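First comes the structure, then the notes that go with it.
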Amino acid sequence: MHKVVLTAVAALGAIGIFGATSMTTANAASSKVNNYISSKNIKPAKVTKSIWSGFPKNKYRHGKGKPEGVVVHETANPSSTIYNEIAYMKRNYNNAFVHSFVDGSRIINIANTDYLAWGVGYPGNARYVQFEQVEVHSKSAFAHEVANASWYTAYLLHKYNLKPNDAAYDYKGTVWSHKAVAHKLGGSTHTDPIGYYASAGKKYFGQKYTMAAFYKMVKSYYNDMNSTKHTKLASATYTSVNQEAKLSSKYTKYYLYNHVKGANKNAKRQSWSKIAPKVGKSYSIDMTAKKSNGSTWYRIKPSKNTTSKTRYWVYSGNLMNVQDVATETASATSTSASSESNAASSSSATESSVSSSSASSVSSSN
């Protein structure tokens with residue numbers, strides 16, 4: 001992160017962060033960037049996970065997987081690329097690092113968001129997920145980057161069950177610029193991404209882009225993600241079973257859930273780490289669910305011999321070699337019984353033969 005501490009605060013200082021409220025709100029309502037994204041039906045990029053194991057893993061102040069919001073950054077380096085920034089960060093993570101990077105075509109997650117990053121200093125690091133935006137250089141690229149960044153912010157809020165709240169106004173929200181964190185909590189003097197948004201918006205759309213307009217995009221994406229709460233839930237038929245299966249190599253394409261997705265309003269994604277995933281590892285299954293759409297789900301234990309009552313639901317595509325343990329046991333019992341029966345028959349035949357021989361012997365003797 002080749003950030004430059006911006007000294008041209010005076011340009012915004014005359015207005016002040018509170019005095020700018022009405023102006024930025026007006027811009028948000030008529031944002032040319034947001035309108036362009038909507039009119040072009042720009043689709044955000046999918047998240048590419050490329051977690052580097054070299055980053056330290058320190059818990060947020062409320063614990064692992066419990067961030068309180070999202071901080072939006074910008075690299076302030078007009079000549080870098082997303083891959084250059086990532087490589088630079090890995091070399092210099094002892095100074096600073098963030099969870100992800102965004103540009104006009106990619107969202108790359110490089111550090112586990114369940115643990116804190118070092119992007120805004122103390123005390124913000126222990127509170128927020130953080131990502132950097134790389135400067136782009138065209139109208140389309142900037143619009144795509146805004147779409148990616150705002151969608152990713154909404155995605156993170158949704159993932160951690162946080163509601164959108166623009167921190168620029170009350171400093172108690174969940175969506176923060178680096179500038180807002182620095183102003184309220186300290187830890188740095190950076191003002192990103194305010195300057196970059198303003199200059200790129202003015203250059204490519206003839207209108208400064210603002211955090212208020214960005215927040216409006218975040219809220220729109222967040223509402224779309226939560227619209228599933230208003231859709232009719234699918235029905236499912238549940239059956240208790242005694243089965244086992246192995247984790248498929250395709251498991252990373254799907255998610256782990258606390259309930260059957262789409263059949264329970266409280267279904268939420270869970271971290272795969274909760275079942276210590278490993279391709280080929282066996283898991284016990286104690287229940288299946290057949291959804292009305294035809295898909296099959298399995299309820300598995302975190303480990304085969306666990307005594308914990310905690311169970312997780314997975315889509316059938318996560319598993320392979322599903323076997324009925326009870327059937328295997330019954331088969332083994334049947335085989336054993338058959339062997340015993342054969343042995344008994346053989347024994348009877350032998351005894352009969354011996355008895356016959358004895359009788360003949362007695363007869364001759366007489």
Side-chain angles (χ1 to χ4, degrees), residues 1 3 17-18 21 24 47 49 51 55-74 89 93 96-102 107 109-133 148-194 197 210-226 229 255 258 266 268-274:
M1 288 187 305
K3 285 199 175 172
I17 196 158
F18 293 106
T21 300
T24 55
V47 178
K49 287 190 175 295
I51 306 297
F55 292 122
K57 293 182 177 179
N58 299 304
K59 297 178 182 178
Y60 294 99
R61 65 173 180 168
H62 294 314
K64 175 186 173 183
K66 294 183 178 180
E68 300 165 53
V70 181
V71 177
V72 182
H73 293 264
E74 181 268 317
M89 181 164 288
Y93 72 89
F97 72 95
V98 294
H99 294 101
S100 306
F101 278 88
V102 175
I107 302 171
N109 175 212
I110 62 171
N112 190 336
T113 55
D114 282 347
Y115 299 96
L116 62 82
W118 300 339
V120 292
Y122 175 83
N125 287 342
R127 303 183 185 188
Y128 311 117
V129 179
Q130 305 179 54
F131 71 88
E132 288 276 359
Q133 293 165 99
N148 290 343
S150 54
W151 178 88
Y152 186 52
T153 301
Y155 163 84
L156 291 169
L157 295 177
H158 188 267
K159 177 179 180 179
Y160 290 107
N161 298 314
L162 299 169
K163 293 182 179 180
N165 185 352
D166 192 350
Y169 303 128
D170 59 10
Y171 293 114
K172 296 179 182 179
T174 54
V175 181
W176 295 74
S177 66
H178 191 169
K179 178 182 178 179
V181 175
H183 180 87
K184 176 62 179 178
L185 302 177
S188 76
T189 57
H190 293 182
T191 61
D192 57 294
I194 309 305
Y197 277 1
T210 65
M211 277 300 295
F214 177 83
Y215 175 74
K216 187 174 182 180
M217 287 295 299
V218 171
K219 198 167 183 180
S220 176
Y221 283 126
Y222 183 89
N223 290 339
D224 287 343
M225 292 175 186
N226 282 272
K229 293 183 178 180
Y255 295 95
N258 59 335
N266 297 315
K268 289 183 173 58
R269 294 176 184 174
Q270 306 294 306
S271 171
W272 278 110
S273 63
K274 292 184 177 181

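Being a predicted model, the structure only gives us computed values, none of them experimental. By convention here, the first residue in the shown sequence is residue 1.
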Side-chain contact, heavy-atom cut-off 4.5 Å: Tyr222 with Lys163?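 Side-chain contact under 4.5 Å: yes.
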| How about Val175 and Val70: do any of their side-chain heavy atoms sit closer than 4.5 Å? |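 They are not in contact (no side-chain heavy atoms under 4.5 Å apart), so the answer is no.
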At their closest point, which heavy atom of [X] faces which heavy atom of [Y], and how far apart are they?
X	Y	answer
Ser273	Lys64	OG-NZ, 3.9 Å
Trp118	Asn125	CA-ND2, 3.5 Å
Leu185	Arg127	CD2-NH1, 3.7 Å
Ala154	Val218	CB-O, 3.5 Å
Trp151	Val47	CZ3-CG2, 3.6 Å
His73	Asp192	CA-OD2, 3.1 Å

Output all residues satisfying side chain to side chain donor-acceptor pair (under 3.5 Å) with [X], sequence neighbours left out; order by chain, then residue number.
X	value
Lys49	Asn109
Tyr152	Ser100
Lys219	none
Lys274	Gln270

All side chain to side chain contact (heavy atoms under 4.5 Å, CB included) counterparts of [X], not counting sequence neighbours:
X	answer
Pro67	Tyr60, Val129, Tyr160
Asn165	Asp170, Thr174
Ala117	Phe97, His99, Gln130
Ser177	Lys179, Ala180, Pro193, Ile194, Met211

### Message
Tell me whether the count of non-hydrogen atoms from other residues, nucleotides or ligands lying under 6.0 Å of NZ in Lys184 goes above 12.
### Response
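Atom NZ in Lys184 is not crowded, with 12 or fewer foreign heavy atoms closer than 6.0 Å.
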**Report entry** Test item: side-chain donor near acceptor, Ser150 and Lys216, under 3.5 Å
**Finding:**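 No, no side-chain donor-acceptor pair sits under 3.5 Å.
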task = For Tyr93, check ring pair (Phe, Tyr, Trp, His ring centres under 6.0 Å) against everything at least two apart and list the hits.
result =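 Testing Tyr93 for ring pair (Phe, Tyr, Trp, His ring centres under 6.0 Å), a comparison that skips the adjacent residues, returns Trp52.
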field: Test log, rule side chain to side chain contact (heavy atoms under 4.5 Å, CB included), inputs Asp114 and Lys59
entry: CA-CA 8 Å; Asp114 282 347; Lys59 297 178 182 178; over 6 Å; no
Atom pair CG/NZ of Asp166 and Lys172 - distance to nearest 0.5 Å
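It comes to 14.5 Å.
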Apply side-chain hydrogen bond (donor to acceptor under 3.5 Å, both in side chains) to residues His178 and Ser188 and explain how you reach the verdict. CA-CA 9 Å; His178 191 169; Ser188 76; 2.8 Å; yes
Salt bridge (Lys or Arg N to Asp or Glu O under 4.0 Å) involving Arg269 - partner list, sequence neighbours excluded |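 By the salt bridge (Lys or Arg N to Asp or Glu O under 4.0 Å) rule, Arg269 matches no residue at all.
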Under the side chain to side chain contact (heavy atoms under 4.5 Å, CB included) rule, what do Thr153 and Phe214 come out as? Steps first, then yes or no, please.
-> CA-CA 10 Å; Thr153 301; Phe214 177 83; 3.6 Å; yes
- Query: What do you reckon, are the aromatic ring centroids of Phe101 and Phe131 less than 6.0 Å apart?
  - Reply: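 Not close enough - the centres of the two rings lie 6.0 Å or further apart.
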Evaluate the criterion ring pair (Phe, Tyr, Trp, His ring centres under 6.0 Å) for residue pair His158 and Tyr221; output intermediate values, then yes/no.
CA-CA 10 Å; His158 188 267; Tyr221 283 126; over 10 Å; no
